[in-house]
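First the structure, in the form of structure tokens, and then the observations on it.
First listed ligand is number 1; within each ligand, the first listed atom is number 1. From a predicted model like this one, the values you see are computed outputs, not experimental measurements.
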Amino acid sequence: MDAADLDPSVWMKQGLLLLSRNTALRDVLEKAPVSRSVVKRFVAGDSTQQAVTVGGELEDSGRLATIDFLGEDTLDPTQATYTKDAYVDLLTALSDVGLTQGGKVEVSLKLSALGQALGADGEKIALENARTICQVAANAGTTVTLDMEDHTTTDSTLGILRELRQDWPWVGAVLQSYLYRTEQDCRDLAHEGSRVRLCKGTYKEPESVAYQDKAEVDKSYVRCLKILLAGRGYPMIATHDPRLVEIAGVLAAANGRGPESFEYQMLLGIRPDEQRRLAAQGDQVRVYVPYGDEWYGYLMRRMAERPANLLFFLRSVATKG
Ligand SMILES: Cc1cc2nc3c(=O)[nH]c(=O)nc-3n(C[C@H](O)[C@H](O)[C@H](O)COP(=O)(O)OP(=O)(O)OC[C@H]3O[C@@H](n4cnc5c(N)ncnc54)[C@H](O)[C@@H]3O)c2cc1C
């Protein structure tokens with residue numbers, strides 16, 4: 001037994017990550033009216049229009065956005081098509097109000113929501129759905145980033161990324177510093193024109209593939225930052241961690257990078273004051289905006305990351321009840 005086995009915050013995190021995959025609890029909570037008002041802080045709303053509104057508000061405040069239609073692990077081809085259509089509608093609505101111009105608002109996709117896990121043809125289905133979305137994004141003048149999911153999908157997602165980049169070289173990748181493999185993936189992807197979002201990683205991963213110790217994940221994040229910021233691509237630094245934000249700024253300056261050559265990214269509702277501070281000092285800040293009614297897995301992962309988020313949720317439920 002090591003120290004982590006005795007730490008209640010580690011049990012809580014692992015419990016919440018397990019719950020994030022619990023479909024029975026998901027079905028109950030997603031339909032509970034009280035939940036909807038509580039998730040508002042982290043989720044733009046259910047509808048395309050609400051996502052467009054939040055994108056516009058962020059633009060007014062000098063921030064960029066990447067919008068995610070919530071949903072993952074689709075085991076139903078109709079649902080994968082539904083998700084693809086939701087992105088097409090979203091990009092059309094964003095374009096109609098000028099928000100896609102110059103990539104001010106782009107979209108983030110989870111390939112598992114587009115069919116990646118649908119048996120032998122899953123990758124093909126996800127690729128075709130992603131292609132449709134990339135073409136609509138290209139027509140609208142914006143970009144697409146492929147979210148990264150658990151480690152069993154990393155090779156498949158990077159393979160689909162390579163395919164998409166043949167036609168749309170601006171398609172963005174996400175790498176997770178908790179995986180041992182990620183430093184090498186950063187080296188492979190730090191080339192001209194390559195958009196790479198670096199995050200710590202949010203899934204429960206085994207010791208065989210991922211650092212378990214927070215300090216090790218942070219150290220790996222810094223090593224990856226060094227590779228990406230010294231490289232020729234476009235790093236997207238996705239973290240709320242004040243130390244890592246500061247280190248990124250120092251490394252960017254040391255590599256002679258101006259604010260136009262990289263961006264910070266944070267989640268909707270998390271450290272909004274810091275988002276505004278960075279934007280006010282001239283840095284590019286992009287906010288990840290989830291929307292849609294399938295918010296359960298997303299919100300559970302946010303709570304696993306930070307007990308204060310869980311307390312906020314429970315307090316709101318208690319007040320409403
Ligand atoms: C834009 C974006 C996109 C992402 N995409 C993916 C993805 O595709 N795949 C994936 O696996 N993960 C993704 N993530 C999630 C990511 O992997 C982490 O799980 C998540 O960002 C938490 O890690 P952190 O870097 O913020 O640091 P943490 O280790 O969670 O926190 C470090 C420090 O940040 C500060 N902090 C964190 N949260 C708060 C808060 N709520 N309020 C105040 N301070 C806070 C605190 O000082 C804390 O000590 C994404 C994250 C972002 C921001």
Side-chain angles (χ1 to χ4, degrees), residues 9-10 12-13 16-17 20 41-42 58 63-73 105-113 116 144-154 157-158 160-161 171-179 181-182 185 195-205 209-222 224-225 235-248 262-278 284-290 297-313:
S9 69
V10 173
M12 185 153 79
K13 179 178 165 96
L16 284 164
L17 286 176
S20 75
R41 171 175 157 188
F42 303 106
L58 288 167
R63 286 170 284 176
L64 308 164
T66 183
I67 304 188
D68 165 43
F69 178 65
L70 288 166
E72 51 199 273
D73 296 338
V105 178
E106 63 138 34
V107 294
S108 284
L109 311 179
K110 280 194 176 44
L111 290 175
S112 77
Q116 191 179 26
V144 171
T145 298
L146 303 184
D147 281 355
M148 191 58 85
E149 301 179 67
D150 74 71
H151 79 278
T152 61
T153 65
T154 310
T157 298
L158 293 178
I160 291 176
L161 175 86
V171 176
V174 178
L175 297 176
Q176 300 151 316
S177 74
Y178 63 17
L179 295 183
R181 61 177 286 168
T182 294
D185 287 333
R195 297 170 60 250
V196 179
R197 175 194 300 159
L198 179 65
C199 65
K200 291 187 187 179
T202 193
Y203 297 86
K204 179 169 161 39
E205 297 289 15
V209 297
Y211 298 108
Q212 306 293 309
D213 179 19
K214 241 175 131 15
E216 289 302 325
V217 177
D218 291 358
K219 281 193 239 166
S220 166
Y221 196 102
V222 175
C224 293
L225 267 181
M236 302 185 277
I237 300 156
T239 181
H240 311 99
D241 193 323
R243 275 189 322 151
L244 294 177
V245 169
E246 195 183 333
I247 291 170
F262 72 99
E263 67 188 41
Y264 294 102
Q265 295 193 343
M266 294 192 190
L267 303 176
L268 183 71
I270 301 192
R271 302 200 72 207
D273 293 344
E274 175 66 357
Q275 296 172 15
R276 285 193 207 91
R277 185 191 72 81
L278 288 166
Q284 298 192 88
V285 178
R286 192 177 296 276
V287 179
Y288 186 100
V289 178
Y298 176 82
L299 202 65
M300 281 298 191
R301 289 197 294 275
R302 301 291 77 81
M303 292 197 206
E305 278 153 18
R306 195 168 162 84
N309 290 343
L310 178 61
L311 289 177
F312 170 84
F313 184 79

Subject >> Residue-ligand contact K214/ligand 1, heavy atom below 4.0 Å >> reply: yes
Subject >> Polar side-chain atom of R63 near backbone of R286 as donor-acceptor pair, under 3.5 Å >> reply: no
Subject >> Residue pair T154 / Q176, side-chain donor-acceptor N/O under 3.5 Å >> reply: no
Subject >> Note: K200-D218 ion pair, threshold 4.0 Å (strictly below) >> reply: yes
Original post:
Going by heavy atoms, is R302 under 4.0 Å from ligand 1?
Top reply: yes
Original post:
Backbone or side chain, does any N or O of Q265 fall under 3.5 Å from an N or O of ligand 1?
Top reply: no
Subject >> Residues forming a side chain to side chain contact (heavy atoms under 4.5 Å, CB included) with E274, sequence neighbours excluded >> reply: V245, M266, R271, R277, L278
Original post:
Got a salt bridge between R243 and E246, using NZ or NE/NH1/NH2 to carboxylate O under 4.0 Å?
Top reply: no
Original post:
T157 and E149: side-chain donor and acceptor closer than 3.5 Å?
Top reply: no
**OP:** Name the closest protein heavy atom to atom 24 (P) of ligand 1, giving the residue it belongs to and the distance to 0.1 Å.
**Re:** T239 OG1, 3.6 Å
Original post:
Nearest non-hydrogen atom to atom 32 (C) of ligand 1 belongs to which of V285, L268, D241?
Top reply: D241
Original post:
Purely on distance, is any nitrogen or oxygen of R41 under 3.5 Å from one on ligand 1?
Top reply: no
**OP:** Number the atoms of ligand 1 from 1 as they appear, then name those within less than 4.0 Å of a heavy atom of R197, with their elements.
**Re:** 3 (C), 4 (C), 5 (N), 8 (O)
Original post:
Mind checking what makes ring-ring contact (aromatic ring centres under 6.0 Å, His included) contact with Y211, not counting sequence neighbours?
Top reply: Y180
Subject >> Nearest non-hydrogen protein atom, atom 8 (O) of ligand 1 >> reply: M148 N, 3.0 Å
Original post:
Identify the closest protein heavy atom to atom 42 (N) of ligand 1: which residue and atom is it, and at what distance?
Top reply: R306 NE, 3.3 Å
Subject >> Basic-acidic side-chain contact under 4.0 Å: K110, D73 >> reply: no
Subject >> Per atom 28 (P) of ligand 1, closest listed option by heavy atom (R286, K200, E305) >> reply: K200
Original post:
Against heavy atoms of Y288, which atoms of ligand 1 measure under 4.0 Å?
Top reply: 1 (C), 3 (C)
Original post:
Taking only heavy atoms of V174, which atoms of ligand 1 are found under 4.0 Å from at least one of them?
Top reply: 7 (C), 8 (O)
**OP:** Tell me, please, whether Y298 has R301 positioned over its six-membered ring: NZ or CZ under 6.0 Å from the ring centre and within 45 degrees of its axis?
**Re:** no
Original post:
Say you draw a straight line from CZ of R181 to NE2 of H151; how long is it, rounded to the nearest 0.5 Å?
Top reply: 10.0 Å
**OP:** Establish whether atom 47 (O) of ligand 1 and some protein heavy atom are separated by less than 4.0 angstrom.
**Re:** yes
Original post:
Which residue owns the protein heavy atom closest to atom 17 (O) of ligand 1, what's the atom, and how far is it?
Top reply: G201 N, 2.6 Å
Original post:
How far is atom 35 (C) of ligand 1 from its nearest protein heavy atom, and which residue and atom is that?
Top reply: H240 O, 3.4 Å
**OP:** Considering heavy atoms of the protein only, find what lies nearest to atom 52 (C) of ligand 1 and give residue, atom and distance to 0.1 Å.
**Re:** L267 CD2, 3.4 Å
**OP:** Considering only non-hydrogen protein atoms, determine which one is nearest to atom 43 (C) of ligand 1 and report residue, atom name and distance to 0.1 Å.
**Re:** R271 CG, 3.5 Å
**OP:** Heavy-atom contacts with M266 under 4.0 Å: which atoms of ligand 1 show up? List them by number with element.
**Re:** 53 (C)
Original post:
Which ligand 1 atoms, with their elements, are less than 4.0 angstrom from a heavy-atom of Q176?
Top reply: 9 (N), 10 (C), 11 (O)
Original post:
Counting each atom of ligand 1 from 1 as listed, which ones have a heavy atom of D147 under 4.0 Å away?
Top reply: 8 (O)
Subject >> Heavy-atom side-chain contact between R195 and V171 under 4.5 Å >> reply: no
**OP:** Considering the heavy atoms of I270, write down every atom of ligand 1 situated less than 4.0 Å from one of them.
**Re:** 38 (N), 39 (C), 40 (C), 41 (N)
Original post:
With a cut-off of 4.0 Å, which atoms of ligand 1 are near a heavy atom of Y203?
Top reply: 11 (O)
Original post:
If you round to the nearest 0.5 Å, how far is CE of M148 from OG of S108?
Top reply: 12.5 Å
**OP:** Select the closest option to atom 16 (C) of ligand 1 among A238, C199, P272, judged by heavy-atom distance.
**Re:** C199
